[in-house]
Amino acid sequence: CTKKAKMAKDNTNGLAMCRVLLAELEAHQDAWPFLTPVNHKAVPGYRKVIKKPMDFSTIREKLANNQYLNLETFIIDVNLVFDNCEKFNEDDSEIGRAGHNMRRFFDERWTELLM
Ligand SMILES: Cn1cc(C(=O)NCCN2CCCC2)ccc1=O
């Protein structure tokens, strides 16, 4: 963690990076399962199994409402999207694979931006 990294974790730059990262997540070709909240009426069991649903549109809303203190609190919500996906979907499924791909992309990207 460099001095620059420390800087980026605080409010200002951290939030600029949240916007950049979220735009890239939304634009990724494997983002389609995560763009909007899972429709629990259409997905049996989801509401019971997943205690804290999260998706990219909800993260965008929270960012717009200034609900993220810094990059860390933003990263927690993004990881919640991927953790929910792993919990509910087989690794060897279309949505499961999309989740793994998106998590790998995100991990590589934010560490790139911070280092
Ligand atoms: C993350 N996740 C997503 C779903 C899902 O079905 N998403 C809808 C995907 N469709 C895309 C175009 C219309 C809707 C199910 C389980 C799950 O864990």
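In listed order, ligands and their atoms are each counted from 1.
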What atoms of ligand 1 come closer than 4.0 angstrom to any heavy atom of [X]?
{"X": "Tyr46", "answer": "18 (O)"}
{"X": "Phe34", "answer": "1 (C)"}
{"X": "Asn89", "answer": "16 (C), 17 (C), 18 (O)"}

Inset, instruction - Using heavy-atom distances, let me know which of Gly99, Ala98, Pro33 sits nearest atom 3 (C) of ligand 1. - result: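 Selected option, by shortest heavy-atom distance: Pro33.
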
Inset, instruction - Just go through Asn39, Thr36, Val81, Val38 and tell me whose heavy atom is the nearest to atom 2 (N) of ligand 1. - result: Val38

Would you check if the side chain of [X] reaches a backbone N or O of [Y] as a donor-acceptor pair within less than 3.5 Å?
{"X": "Thr58", "Y": "Met54", "result": "no"}
{"X": "Asp55", "Y": "Val38", "result": "no"}
{"X": "Asn65", "Y": "Gln67", "result": "no"}

Inset, instruction - For atom 4 (C) of ligand 1, grab the closest protein heavy atom and report residue, atom and distance to one decimal in Å. - result: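 For this ligand atom, the closest protein heavy atom is Ile95 CD1, 3.6 Å.
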
Inset, instruction - Measure the acute angle between the ring planes of Phe34 and Phe56, then classify it against the limits of 30° and 60° as parallel, tilted or perpendicular. - result: tilted

Inset, instruction - For the residue pair Asp83 and Arg103, establish whether any side-chain heavy-atom pair is separated by less than 4.5 Å. - result: yes

Inset, instruction - Answer yes when Arg97 and Asp91 have at least one side-chain N-carboxylate O distance shorter than 4.0 Å, and no when they do not. - result: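 No, Arg97 and Asp91 are not salt-bridged.
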
Inset, instruction - Check whether any N or O atom of Trp32, backbone or side chain, sits under 3.5 Å from an N or O atom of ligand 1, and answer yes or no. - result: no

Legend entry - By ring pair (Phe, Tyr, Trp, His ring centres under 6.0 Å) - contacts of His40 (at least two apart):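 Ring pair (Phe, Tyr, Trp, His ring centres under 6.0 Å) check on His40 returns nothing, list empty.
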
Inset, instruction - Establish whether atom 15 (C) of ligand 1 and some protein heavy atom are separated by less than 4.0 angstrom. - result: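 Under 4.0 Å from atom 15 (C) of ligand 1, at least one protein heavy atom found.
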
Legend entry - Flag: protein heavy atom within less than 4.0 Å of atom 12 (C) of ligand 1: no

